[in-house]
There are 2 protein chains.
Amino acid sequence: MGKYHHGDVRNVLLQKAETILTEEGPTGLSLRRLARMTGVSEAAPYRHFDGKDGILAAVAISAFERFAEQLETVAANVERHEERIMKLGAAYVGFAVENPQHFRLIFGRERPPLDQYPELREAADNAFDVLQRAVTSVDRKAEMTLSEAATAYNRALAAWSRAHGIAMLVIDGMIAPPADQELGDFVLGLLAEDLIAPNDA
Amino acid sequence: MGKYHHGDVRNVLLQKAETILTEEGPTGLSLRRLARMTGVSEAAPYRHFDGKDGILAAVAISAFERFAEQLETVAANVERHEERIMKLGAAYVGFAVENPQHFRLIFGRERPPLDQYPELREAADNAFDVLQRAVTSVDRKAEMTLSEAATAYNRALAAWSRAHGIAMLVIDGMIAPPADQELGDFVLGLLAEDLIAPNDA
DNA sequence: TTCTTATGTTAACTGAGTTAACATTATCGC
DNA sequence: GCGATAATGTTAACTCAGTTAACATAAGAA
């Protein structure tokens, strides 16, 4: 005789969903299990979310928001352009390492289709905007020629790719920092590796 | 009254598994469906594979092999070290773009655990060896100091990360070549972006 | 108060993974 | 050739997931 309308089911579901996602990833997240954990009937979640994708979308949205916030903070607090790119990359990888499941959720194939969740699309766009602005904005406010702009854009993409690749390989356990090195230093080292001119033959 | 022992079930299953994986990814691949497509009972696949992970492992192994082959071919046919890294990166991304589902399978979280499939581990290790050898081997066979070796290793990781990041972002639809550019040129451009010394302030 | 909406319930359907129990065919030692 | 054994196939069942329909009750507006 579960009491009807305890009024907070949606939030509780979201909360538990966060927990499960963090611990086991989207595959382990099942609506039935969620319902059981919440002490509510197995169909109840459907009153609050548009099926499994719906709940994943909700979680993904908040993940995108945290992600964007963290990047924004870093970007806002570093003056030099190069340093900003580096720190941003480190923050990018840092988020991935601290929240691997969320990172996978927002980038991977399990992410609900953006077309079907406008708020999700918005959250995603916003996060990428933060990234892009932070990377492309240069210190001096000189006007750029078209080709300079193109170069800046490509450099942004290249930087993003670099961070993304490191993040992915690290959370998938393909590469790891050597025993005597902190993760942060390791990442910064890798990011720097490409910035240093390899002007050998 | 399906005839017993038509003798090729395993291969047919693998074949169909390839097809489904290519078209829909690992989620769409179901043993029951596979069995139905093959015209065999729904439990039959379990005689040939160790459950779903087993069949995924088999597919992943062959994917790793193709991947390694393609990288090897590229690495073997380019003399200059820098050019080899570039071409290798392009091939890496090329494989991902041409076989996105396979690429995801061998790198992603759906990949069966390496611990449980020794042949899979072997295939994986082999592919990464190819990569690493190709990237770290330098033209001149000078002996390296320890710190030089460490640098070379880090540079290899950086190059790998770069290619991996581009591959991921492209197959996940996060970045795309501009309309007037071929994918290959686009990728080479991004790869080069980091190799060119950005020696501005 | 009564009508409507939101939110909860139970029960059912579908489809997946997996296993057990059983049946048939190959194959190998004799 | 023949019989034991392994390999390979079958059916039937179990569990769990997602999802929906039909129904019940609580809250709030008219």
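In what follows, every heavy atom counts, from backbone to side chain, and hydrogens, waters and symmetry copies are set aside. Each chain gets a letter, A, B and so on, in the order the sequences are listed, and its residues count up from 1.
Annotation: the span from Leu34(A) atom CG to His48(A) atom NE2 amounts to 11.0 Å, rounded to 0.5 Å. Atom CZ in Phe186(A) sits 6.5 Å away from atom CG in Asn154(B) (nearest 0.5 Å).
Residue Ile55(B) is classed as having no contact, given no heavy-atom separation below 4.0 Å to the nucleic acid. Looking at heavy-atom distances under 4.0 Å, Leu34(A) makes no contact with the nucleic acid at all.
Contact annotation: Arg33(B) does not reach the phosphate of dT14(C) (side-chain N/O to OP1 or OP2, under 4.0 Å). The phosphate of dG18(D) has OP1 or OP2 within less than 4.0 Å of a side-chain N or O from Ser30(A). Under 4.0 angstrom from either OP1 or OP2 of dT18(C) there lies no side-chain N or O belonging to Arg47(B).
Among dT9(C), dT18(C), dA21(C), the nucleotide with an atom closest to any side-chain atom of Val40(A) is dT9(C). Among the nucleotides dA12(D), dA16(C), dT9(C), the one closest to any side-chain atom of Ser41(A) is dT9(C). Taking the side chain of Tyr46(A) as heavy atoms from C-beta on, and the options dG17(C), dT9(C), dT19(D), the nearest nucleotide is dT19(D).
Summarising the geometry, the separation between CG on Asn11(A) and C1' on dT7(C) is reported as 15 Å, rounded to the nearest angstrom. Rounded to a whole Å, the NZ atom of Lys52(B) is 9 Å from the P atom of dA16(C). Between the P atom of dG17(C) and the CZ atom of Arg36(B) lies a distance of 9 Å, rounded to the nearest Å. What separates CG of Asp53(B) from P of dT18(C) is a distance of 7 Å, to the nearest Å. Following rounding to the nearest Å, Asp8(A) (CG) and dG8(C) (C1') show an atom-to-atom distance of 15 Å. Across the protein-nucleic acid pair, His48(B) atom NE2 and dA7(D) atom C1' stand 9 Å apart, rounded to whole Å. Between Leu31(A) atom CG and dT19(D) atom P there is a gap of 6 Å when expressed in whole angstrom units. As rounded to whole Å, 20 Å separates atom P of dA22(D) from atom CD of Glu42(A).
Residue Glu182(B) places its CD atom among 12 or fewer non-hydrogen atoms of other residues, nucleotides or ligands, all under 6.0 Å distant.
Electrostatic pairing of Arg104(B) and Asp172(B) counts as a salt bridge here, judged by a charged N lying under 4.0 Å from a carboxylate O.
For a distance-only test at 3.5 Å, the side chain of Arg32(A) qualifies as a donor-acceptor partner of the base of dG18(D).
Screening residues 32-50 of chain B for salt bridge (Lys or Arg N to Asp or Glu O under 4.0 Å), with sequence neighbours left out, gives Glu24(B)-Arg33(B), Arg32(B)-Glu42(B), Arg36(B)-Glu42(B).
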